Amino acid sequence: QVQVVESGGGLVQAGGSLRLSCAASGSSSGINVMGWYRQVPGKQRELVAVISRGGGTAYANSIKGRFTISRDNAKNTVYLQMNSLKPEDTDMYYCKVTTLTREEYWGQGTQVTVSS
């Protein structure tokens with residue numbers, strides 16, 4: 001099974017930046033799409049950004065222009081560079097990994113808190 005571990009969350013002031021990392025390990029097959037999602041209590045988990053194996057990206061409108069997703073296929077790692085953070089970005093951020101054999105795995109999440 002694939003293990004997915006996020007890191008890089010924390011407390012940051014409004015307007016500041018954070019860089020999240022997500023590393024996938026233990027897969028016997030290759031990694032396909034990787035992405036970041038976020039969720040607050042009582043709300044549905046929503047897509048923040050995704051990136052294909054070839055580097056194609058898609059972003060939620062709420063963060064477009066502020067966040068950048070990237071990946072290192074050799075390291076099976078996806079990154080989310082978050083700039084110009086706003087208090088409404090406060091959430092648990094989860095990494096989702098999809099394998100080439102169409103299996104999906106989720107990390108346990110990393111907390112991002114943006115102070116006002």
Side-chain angles (χ1 to χ4, degrees):
Q1 299 299 313
V2 175
Q3 293 77 49
V4 181
V5 180
E6 306 100 329
S7 62
L11 175 65
V12 66
Q13 70 281 358
S17 299
L18 286 172
R19 182 177 173 87
L20 307 184
S21 299
C22 169
S25 63
S27 177
S28 60
S29 60
I31 302 299
N32 197 357
V33 175
M34 307 180 80
W36 289 96
Y37 297 73
R38 63 186 182 185
Q39 186 176 26
V40 296
K43 293 186 177 180
Q44 184 177 354
R45 188 171 296 184
E46 67 173 358
L47 185 149
V48 177
V50 293
I51 184 166
S52 70
R53 185 173 179 83
T57 60
Y59 297 92
N61 289 334
S62 61
I63 57 87
K64 195 172 297 183
R66 299 188 295 121
F67 295 4
T68 302
I69 190 170
S70 62
R71 66 188 287 169
D72 185 336
N73 290 337
K75 297 180 179 179
N76 287 331
T77 300
V78 62
Y79 307 94
L80 186 68
Q81 179 66 48
M82 304 186 294
N83 299 323
S84 301
L85 283 161
K86 304 175 180 179
E88 50 262 47
D89 295 319
T90 295
D91 252 319
M92 284 290 294
Y93 284 72
Y94 298 88
C95 180
K96 179 184 176 182
V97 173
T98 303
T99 70
L100 291 173
T101 52
R102 292 174 288 182
E103 300 170 312
E104 295 183 352
Y105 299 90
W106 290 91
Q108 292 299 305
T110 185
Q111 177 68 41
V112 171
T113 303
V114 184
S115 64
S116 60

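Everything quoted here is computed from the prediction, not taken from an experiment. Here, residue 1 is the first one in the sequence, and each next residue gets the next number.
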Inset, instruction - Please report the shortest heavy-atom distance between Ala24 and Val2, naming the atom on each side. - result: CB-CG1, 4.0 Å

Legend entry - Backbone N/O of Ala74 and side chain of Asp72: donor-acceptor pair under 3.5 Å: yes

Legend entry - Reported OG1-to-CG distance for the pair Thr110 and Leu80, which is rounded to 0.5 angstrom: 11.0 Å

Inset, instruction - Without swapping roles, check the side chain of Asp91 against the backbone of Val40 for a donor-acceptor pair under 3.5 Å. - result: yes

Legend entry - Non-hydrogen atoms of Arg71 and Ile51 that approach each other most closely: NH1-O, 3.2 Å

Legend entry - Gln111 side chain to Gly10 backbone, donor-acceptor under 3.5 Å: no

Inset, instruction - Indicate, with yes or no, if Met82 and Ile69 share a hydrophobic cluster defined by side-chain heavy-atom contacts under 4.5 Å among Ile, Leu, Val, Met, Phe, Trp and Tyr. - result: yes

Legend entry - Side-chain donor-acceptor contact under 3.5 Å, Tyr94 with Gln39: no

Legend entry - Derivation and outcome, side-chain contact (heavy atoms from CB on, under 4.5 Å), residues Thr113 and Val12: CA-CA 6 Å; Thr113 303; Val12 66; over 6 Å; no

Legend entry - For Ser115 against Gln13, the heavy-atom pair lying closest together: OG-CA, 3.3 Å

Legend entry - Nearest heavy atoms of Glu103 and Ser29, plus distance in Å: OE1-OG, 4.4 Å

Inset, instruction - Would you check if Lys75 and Ser21 make a side-chain contact, meaning some heavy-atom pair closer than 4.5 Å? - result: no

Inset, instruction - Would you give the length of the straight line joining atom CD1 of Ile63 to atom CD of Glu88, rounded to the nearest 0.5 angstrom? - result: 12.5 Å

Inset, instruction - Group every Ile, Leu, Val, Met, Phe, Trp and Tyr by side-chain heavy-atom contacts under 4.5 Å, then state whether Tyr37 and Met34 land in the same group. - result: no

Inset, instruction - Please confirm whether the backbone N or O of Gln44 pairs with a side-chain atom of Glu46, one donor and one acceptor, at under 3.5 Å? - result: no

Legend entry - Derivation of the side-chain contact (heavy atoms from CB on, under 4.5 Å) call for Phe67 and Leu85: CA-CA 9 Å; Phe67 295 4; Leu85 283 161; 3.8 Å; yes

Inset, instruction - Establish whether Val50 and Val97 are linked, either directly or via other cluster members, by ILVMFWY side-chain heavy-atom contacts under 4.5 Å. - result: no

Legend entry - Connected via hydrophobic side-chain network under 4.5 Å: Met92 and Val114: no

Inset, instruction - Quick one: closest heavy-atom pair of Thr68 and Tyr59, and the distance? - result: CA-OH, 3.4 Å

Inset, instruction - Would you mind checking if Asp89 and Arg66 are paired as a salt bridge, meaning a charged N to carboxylate O distance below 4.0 Å? - result: yes

Legend entry - Minimum heavy-atom distance between Val4 and Cys22, given as atom pair plus value: CG1-SG, 3.3 Å

Legend entry - Check: Asn73 side chain, Arg53 main-chain N or O, donor-acceptor pair, under 3.5 Å: yes

Legend entry - Same apolar cluster (I L V M F W Y, side chains within < 4.5 Å links), Leu47/Val33: yes

Inset, instruction - Any chance you could measure Gln1, atom CD, to Ser28, atom OG, to the nearest 0.5 Å? - result: 8.5 Å

Inset, instruction - Give a yes or no answer on whether the side chain of Glu6 reaches the backbone of Cys95 with a donor-acceptor pair at less than 3.5 Å. - result: yes

